[in-house]
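Only one structure is covered here, and it is reproduced in the block below.
Any value given below was found using the heavy atoms of this structure, including those in side chains, with hydrogens, waters and symmetry copies removed.
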Amino acid sequence: MPPSRPRVPVPRPNFSKSRPNAAASAGVRPAPPRVNGSALQKQTQWLARAVDAERAGDAVEAELCRQYAEHWFRVSRGQD
């Protein structure tokens with residue numbers, strides 16, 4: 001019988017879902033955080049975020065928040 005060789009650990013494949021962070025490095029805006037509540041509450045919260053962004057001087061973020069608020073307004077009216 002030939003001499004036994006020392007066992008070398010074999011790396012196991014990682015099948016878990018990992019989220020690549022390529023979006024952050026590519027300068028892409030991350031998805032806004034989820035807002036809990038009814039459609040009208042979400043509309044109010046997005047409008048408040050728009051006001052905060054406007055005060056911070058970020059017109060693009062303010063417009064984005066207003067678009068989300070409009071979406072939740074339409075959802076509350078059953079138009080979406």
Does the pair Glu70/Arg66 count as a salt bridge with the N-to-O cut at 4.0 Å?
->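 Here Glu70 does not pair with Arg66 in a salt bridge, since their nearest N and O are not under 4.0 Å apart.
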Which residues satisfy the side-chain contact (heavy atoms from CB on, under 4.5 Å) test with [X], sequence neighbours excluded?
{"X": "Val8", "value": "none"}
{"X": "Arg7", "value": "none"}
{"X": "Ala48", "value": "none"}

List the atom of Ala39, the atom of Trp72, and the distance in Å for their closest heavy-atom pair.
->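 Result for this residue pair: O-CB, 3.6 Å.
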Heavy-atom pair with the smallest gap, counting every atom of Glu54 and Ala62 |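 Smallest interatomic distance, heavy atoms only, reads OE1-CB, 3.4 Å.
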Are Leu64 and Val75 in one and the same hydrophobic cluster, where Ile, Leu, Val, Met, Phe, Trp and Tyr link if side-chain heavy atoms are under 4.5 Å apart?
->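 Yes.
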Hey, quick one: are Leu47 and Tyr68 part of the same hydrophobic cluster, counting side-chain heavy atoms closer than 4.5 Å, chains of contacts allowed?
->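 No, because Leu47 and Tyr68 fall into different hydrophobic clusters, even though each may have its own neighbours under 4.5 Å.
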Any side-chain heavy-atom pair from Arg55 and Asp52 closer than 4.5 angstrom?
->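 Yes, at least one pair of side-chain atoms sits under 4.5 Å.
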